[in-house]
There are 2 protein chains.
Amino acid sequence: MKNDIQGKDVKLKILNAAKTLFAQKGYEGTTVRQICDEAGVALALVSYHFGGKENVFYALFETYAPSFLQKAYDLADPVADLQSLIREFARFRLAEPELINLLQQEVMMQSPRLEKVQHIVYALWLQLRAILEAGKRQGRFEYESLRHTVHFVVGTLIFTRNSPFLDPVLQSKEDLPVKEEQEDVIRYTISYILNGLKCNTP
Amino acid sequence: MKNDIQGKDVKLKILNAAKTLFAQKGYEGTTVRQICDEAGVALALVSYHFGGKENVFYALFETYAPSFLQKAYDLADPVADLQSLIREFARFRLAEPELINLLQQEVMMQSPRLEKVQHIVYALWLQLRAILEAGKRQGRFEYESLRHTVHFVVGTLIFTRNSPFLDPVLQSKEDLPVKEEQEDVIRYTISYILNGLKCNTP
DNA sequence: GTCTATAGATGGATAGAC
DNA sequence: GTCTATCCATCTATAGAC
């Protein structure tokens, strides 16, 4: 019993270290040694607990994104659905920015690991597509190309994060927000996207 | 003289191979052997011509993005400026999607290589920021947070590309555009972004 | 379950023939 | 300038002590 608890603890330490390092240096750019050093455990424990580096990657998503976007939308009110989807995605992004970062990398380079993880993101995009279609059909959204519009919205959703890269450029005039975050960011995002879709709604 | 020409040819073959592979598998995920195989040249030639893998990376940007976004905007007409910036960026993205992909990866993971390349993207974002500020001051754009709005626009611009990943999801109803592309995509992008900024303009 | 030590594979870079 | 063959560092994974 005590062993189990110790094991869980080590597994979690490895997962947390891997989450940070994968997001920061990419999957290939991260070594098992770095993960174990960061986690403060011995090199062998990645293989022992997960069966190899690649399984740490998969375990990351099973651990931190287990119930990601299971919500189903009935499309009766596409505007409300879209707002809900944006809110749900933004909350997850704010809670697990490293995971979004990592996912974005993998998506962008069409990594072979993506196959076992793509259902997470496919589900989201299919729902987004359905919402956009329904909204256009009902005259709530205006756009020309569904395909490109999905790209626009996904781009808006994914790229919005605490980017330590953009910040040196952007923080000269605006102070760092401390606690406004979360709900405000969500509000900004909803506003930008709905406007982008010419959605005539408060 | 003939040697020079041959050298140039090999250098270009290496650069083209590296551009594709880096974009597809990331910098760390790509090996010098893969690059040389893809280019059809011997392994040693990367070191001979470029002095190592890392310098191939830098040469990529010096070769394919030499005059990227040198245009300066006077901010007299922020709407026109923004349209111009979007158009310029979109054209580059359509011409060199791999480079944008690679740049996005590096930006996302804050890679150590970014330092020598970031001026390319800093320039763009500073100009974008200035345009957004000027546009708000002149009552042409509406948004709450400058910082987040820059993120939104950059996300829209960067993520929009021929994503081989999203396509299987998105192509069921819409046929693959063949020649409409280019100017139409630019039109869609401008429309989405200007609407996102509540810009009241045709 | 956790550690150290090491095996085995593969990475980037170079020596030297042509 | 280009090639083949090789060096050496580092990677992942595992064997075996505790």
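All heavy atoms count here, side chains included; hydrogens, waters and symmetry mates do not. Everything numeric here is computed off the predicted structure, so don't read it as measured data. Just so it is clear: chains get the letters A, B, ... in the order the sequence lines come, proteins before strands, and each one is counted from 1.
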Does B:E106 have any salt bridge (Lys or Arg N to Asp or Glu O under 4.0 Å) partners at least two apart in sequence or in another chain, and if so, which?
B:R113
Can you list, by residue number, the residues of residues 32-46 of chain B that have a non-hydrogen atom closer than 4.0 angstrom to DNA chain C?
B:V32, B:R33, B:L43, B:A44
Round to a whole Å and report the spacing from CZ of A:F50 to C1' of C:dG1.
14 Å
Those residues at least two apart in sequence (or on a different chain) that pass ring pair (Phe, Tyr, Trp, His ring centres under 6.0 Å) with A:Y27 are A:F22, A:F57
Sorted by chain and residue number, the salt bridge (Lys or Arg N to Asp or Glu O under 4.0 Å) partners of B:R33 (sequence neighbours excluded) come out as none
Name all residues meeting the side chain to side chain donor-acceptor pair (under 3.5 Å) criterion together with A:R91; count only those two or more places apart in sequence or in a different chain, and write none if there are none.
A:E183
Please determine, by modelled atom types, if A:Y64 and A:N16 share a side-chain donor-acceptor pair under 3.5 angstrom.
yes
Minimum-distance nucleotide to B:S47 side chain [options: D:dC11, C:dA13, D:dT2]
C:dA13
Classify the side-chain pair A:Y143/B:S191 by whether it contains a donor and acceptor separated by less than 3.5 Å.
no
Between the NZ atom in B:K71 and the CG atom in B:L85, the distance rounded to the nearest 0.5 Å is 9.0 Å
For B:F152, is there any backbone N or O sitting under 3.5 Å from a side-chain donor or acceptor partner on B:T156?
yes
Through what angle, rounded to 10 degrees, does the axis of the helix from C:dG1-D:dC18 to C:dC18-D:dG1 turn between its ends, using five pairs per end?
10°
Test: side chain to side chain donor-acceptor pair (under 3.5 Å). Region: residues 17-26 of chain B. Which pairs qualify, not counting sequence neighbours?
B:K19-B:E96
Using the side chain to side chain donor-acceptor pair (under 3.5 Å) criterion, which residues pair with B:E62? Sequence neighbours excluded.
none
To the nearest angstrom, the CD1-P distance between B:I14 and C:dG12 comes to 13 Å
Ignoring hydrogens and angles, tell me if any N or O in the side chain of B:K53 forms a donor-acceptor pair with the backbone of B:T30 under 3.5 Å.
yes
Does any residue of residues 51-59 of chain B have a heavy atom under 4.0 Å from DNA chain C, and if so, which ones, in number order?
B:G52, B:K53
Who pairs with B:Y58 by side chain to side chain donor-acceptor pair (under 3.5 Å), at least two apart in sequence or on another chain?
B:E54
Residues forming a side chain to side chain donor-acceptor pair (under 3.5 Å) with B:E28, sequence neighbours excluded:
none
Could you check which residues of residues 17-30 of chain B get a heavy atom under 4.0 Å from DNA chain D? Sort them by number, please.
none
Nearest whole angstrom, please: distance from the P of D:dA15 to the OH of A:Y48.
14 Å
